[in-house]
Asker: 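The structure under discussion is supplied below as structure tokens; questions concerning it will follow.
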Protein chains: 2
Amino acid sequence: MTRRARQEDIARELGLSINTVSLALKNSKRINEETRQKVHQVAKALNYIPNTIARSLVEKKTNIIGFIVPNIMNPVQIETAQTIERKLIKKGYNMMLMTTDSDKNYESYALDILVSRQVDGIFLFPTNKQNQDKIKTVRDVNIPIVLLSGGSYEPASDSVYMNQFKGAYIAASHLAQLGHRRIGFIHGGSGNMEKFMGYQQALKDHGLEFDPKLVVTVDSYSYEQGYLSADALLPAHNVTALLASSDYLALGALRWCRERGMRVPEDMAIVGFDNLEAARYAEIPLTSVAFKVEQLTTSAMDLMFELLAEQDKLSSRKPERIVIEPSLEIRNTCGAR
Amino acid sequence: MTRRARQEDIARELGLSINTVSLALKNSKRINEETRQKVHQVAKALNYIPNTIARSLVEKKTNIIGFIVPNIMNPVQIETAQTIERKLIKKGYNMMLMTTDSDKNYESYALDILVSRQVDGIFLFPTNKQNQDKIKTVRDVNIPIVLLSGGSYEPASDSVYMNQFKGAYIAASHLAQLGHRRIGFIHGGSGNMEKFMGYQQALKDHGLEFDPKLVVTVDSYSYEQGYLSADALLPAHNVTALLASSDYLALGALRWCRERGMRVPEDMAIVGFDNLEAARYAEIPLTSVAFKVEQLTTSAMDLMFELLAEQDKLSSRKPERIVIEPSLEIRNTCGAR
DNA sequence: TTGTACGCGTTATCAA
DNA sequence: TTGATAACGCGTACAA
């Protein structure tokens, strides 16, 4: 094993002080050009790589941003994570990713870990509102935390909020306007409450009665769950249209219908959420509520770096809340064209 | 802002030394039970969270494992990442995720970052073999690095190798045995060379001539790229079967065929790679080469922790190489049933 | 232009 | 059972 080279090794090699080496490495003008070059030369020769951890300890800044996400298999969540990672890299930050499996205890644990690792800030896709106190604690120790909420209303935190209530509302309204009166709903469970409420509000505003028998709740976004939900929901109840909390659920349901020779949208209209590529390339291109990743991540990053810049007065700052409006991408499964 | 509490704050509060606090917090038996409890009590009251960074500096161990992956949008890669993250958590480790966009410069950069952040080990999905020297450098400073290679042969590194050569070989052979003589190939580009070679070898072994006109190379796994590839490849050349480097590519091609009223598999047989859920739930269930995530990650974790345990003699250890064999999941797009 | 001294929060060694 | 002191690798104020 080659021992990891430190600044001290470079200093000894050149008969300089550690301080001189430190300054030379960050190209301080206070250092003689000649020695600066020599230092860099030896650093390269020794394969010197700075110890970020030691630096962080003195600078009280790690340049790491934590990202907590319920389920990485959810394409919009992971696309959000990837997009943010890229934006962070450009600003000299790295990302520490943690998943919670939609479990509030894991979420709480993840927050502890990130705080103890001294991350400079945290993005959080909350699974539910159970950890509000902990979130406040994090903010109290001056770590900016930005919620990327597609779900519940979090008035006490900075957040960028994808208005999924409205997404479900326009989707269900669309189906109602097309004449459907029995509209089923595949409820994605925790983190999808707002979609559920938007669906109910749309029914109400269109004079339709909410029937709990038309709702199936699942705990993951998968084709399989969609397929099984369709199997549970569609044979009875006179359902003619289906709104699903995710495209995968919708596509699983689509598959169920097609296997039974049903025509979509004529026999069954289907609308999904997230507008994934899989929706565009489905057997029958799927109408879907778009999740605006670029808008969301841009706003979230702006907000985060604003908070980072005002870190000292974080506690006196009123939580900011940015809302992103979704839109309905109309394709062939809803019958509007 | 509430200042972050340190051990010193607890010590002052109780009139103890920092050392005593430190020991008490890790429940050392050398500490009086009463003071131990008091320390824990005050720690909780002060909302004390240990500073992992300071600990890492003295322990020379961060309990962070780096994970470098070309493209997080690739489902098998992200599933691998997530699976490994969960396994790591159980062992008290966290994961730092970096993406490279299949760019060797980013890959090199990511390695530098992880080394400078003092990670204890690195998993790497290599994009190509360009960074072998750098990988050796990492190993030389005693950081275990395990390649999760679906691609090229890396004799100089510890690696868990998904035998994609064989995967492509059995898939193409399967098609050849079904009577196809003009088999197209959608080449996923860098990181998919072994699939390409397996495809060629299968042709050869079945007496078929390799025709470069039957190969389209793309740079990402997307439905769109698959659709466009089909558009470029299928109208001419008398192709009757198509092997794609990923299920998304295959499904994009499937969509192209179906839009044109082609029957699959009668008019066009299609086989993909990775055996995603989307393959099972496709309009016509897709035959696909399975990627064994569980096997791969289990082996990779075992290997990593073996290396971690022998960290001091890493340089004298011969690189280990574990091979995982893929299998062909036969469904309806190949015509075998 | 370069060097000395100290501090970051924690753990480890050794003494009391 | 507890405390004083040094060390981890680096950055910064100040001195030379």
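Proteins come first, then strands; the chains are lettered A, B, ... in the order of their sequence lines, and each starts at number 1. What you see is a predicted model, and the numbers here were worked out from it, not measured in a lab. Every heavy atom of this structure was used, including side-chain atoms; hydrogens, water molecules and symmetry mates were not.
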Asker: So what does B:L16 hit on the nucleic acid, given a heavy-atom distance under 4.0 Å: a base, only sugar-phosphate, or nothing?
Answerer: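 The answer is sugar-phosphate, as B:L16 gets under 4.0 Å only of primed atoms, P, OP1 or OP2.
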
Asker: How many angstroms lie between OG in A:S159 and CG in A:L148, if you round to the nearest 0.5 Å?
Answerer: 9.0 Å

Asker: Taking A:I49 as the fixed residue, which of B:V115, B:L114, B:L111 is the one that meets the side chain to side chain contact (heavy atoms under 4.5 Å, CB included) rule?
Answerer: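 Of B:V115, B:L114, B:L111, side chain to side chain contact (heavy atoms under 4.5 Å, CB included) with A:I49 is met by B:V115 alone.
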
Asker: Can you identify which nucleotide, out of D:dT1, D:dT12, C:dG9, has its nearest atom closest to the B:N32 side chain?
Answerer: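 Looking only at heavy atoms from C-beta outward on B:N32, the closest nucleotide is D:dT1.
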
Asker: Expressed in angstrom and rounded to an integer, what is the separation of A:R55 atom CZ from D:dG11 atom P?
Answerer: 5 Å

Asker: Let me know the distance between CZ of A:R4 and P of D:dC10, rounded to the nearest Å.
Answerer: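 Result: 11 Å.
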
Asker: Is the A:F67 ring parallel, tilted or perpendicular to the A:F123 ring (thresholds 30°, 60°)?
Answerer: tilted

Asker: How many Å lie between CG on A:L25 and P on C:dT2, as a whole number?
Answerer: 13 Å

Asker: From the list C:dT11, D:dG11, C:dG9, which nucleotide is the closest neighbour of the side chain of B:Q7?
Answerer: C:dT11

Asker: Given C:dT11, is OP1 or OP2 found less than 4.0 Å from the side-chain N or O atoms of B:K60?
Answerer: no

Asker: With a 4.0 Å cutoff (strictly under), does any side-chain N or O of B:S22 reach OP1 or OP2 of C:dT11?
Answerer: yes

Asker: Identify which nucleotide among C:dT11, D:dG9, D:dT2 has an atom closest to any side-chain atom of B:V58, counting heavy atoms from C-beta outward.
Answerer: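 That would be C:dT11.
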
Asker: B:E33 or A:A5: which one's nearest nucleotide on DNA chain D is closer to the 5' end?
Answerer: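 So the residue in question is B:E33.
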
Asker: Quickly work out the B:N51 CG to C:dG7 P distance and round it to whole Å.
Answerer: 18 Å

Asker: By nearest nucleotide on DNA chain D, pick out whichever of B:I31 and A:T52 is the more 5' one.
Answerer: B:I31

Asker: Nearest whole Å is fine: how far is C:dG9 C1' from B:R12 CZ?
Answerer: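 B:R12 atom CZ is separated from C:dG9 atom C1' by 13 Å.
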
Asker: Between B:Y48 and C:dG9, is there a contact of a side-chain N or O with OP1 or OP2 at under 4.0 Å?
Answerer: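 B:Y48 to C:dG9 OP1/OP2: no side-chain N or O under 4.0 Å.
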
Asker: If you compare every side-chain N and O of A:Q118 against the phosphate oxygens of C:dG9 (OP1, OP2), does one of them come in below 4.0 Å?
Answerer: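 No, A:Q118 has no side-chain N/O under 4.0 Å of OP1/OP2 on C:dG9.
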
Asker: Determine whether more than 12 heavy atoms belonging to other residues, nucleotides or ligands lie under 6.0 Å from atom CD of B:E33.
Answerer: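 Counting other residues, nucleotides and ligands, CD of B:E33 exceeds 12 neighbours.
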
Asker: Can you tell me whether the side chain of B:R30 and the base of D:dT2 have a donor-acceptor pair closer than 3.5 Å?
Answerer: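 By the distance-only test, yes, there is a pair.
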
Asker: What closest approach, in Å, do B:P126 and B:L147 show between heavy atoms, and which atom pair accounts for it?
Answerer: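 Shortest heavy-atom separation between B:P126 and B:L147 comes out as CG-CG, 4.2 Å.
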
Asker: For B:I53 and C:dT10, give me the distance from atom CD1 to atom P, rounded to whole Å.
Answerer: 11 Å

Asker: Decide whether B:T52 and A:S116 meet the rule of one side-chain donor and one side-chain acceptor closer than 3.5 Å.
Answerer: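 Looking only at side-chain atoms, A:S116 and B:T52 do form a donor-acceptor pair, the distance falling under 3.5 Å.
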
Asker: Of all the choices, D:dG3, C:dT10, D:dG11, which nucleotide is nearest to the side chain of B:T20 once you look at every atom?
Answerer: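 That would be D:dG3.
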
Asker: What integer distance in Å separates B:D9:CG from C:dG9:P?
Answerer: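 One finds 9 Å between P of C:dG9 and CG of B:D9, rounded.
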
Asker: Rounded off to whole Å, could you give me the CD-to-P distance for the B:E8 and C:dC8 pair?
Answerer: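 Result: 8 Å.
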
Asker: Any base atoms under 4.0 Å from A:N19, or only sugar-phosphate, or nothing? Heavy atoms, all strands.
Answerer: base

Asker: If you look at every strand shown and take non-hydrogen atoms under 4.0 Å, does A:S56 touch a base, only sugar-phosphate, or nothing?
Answerer: nothing

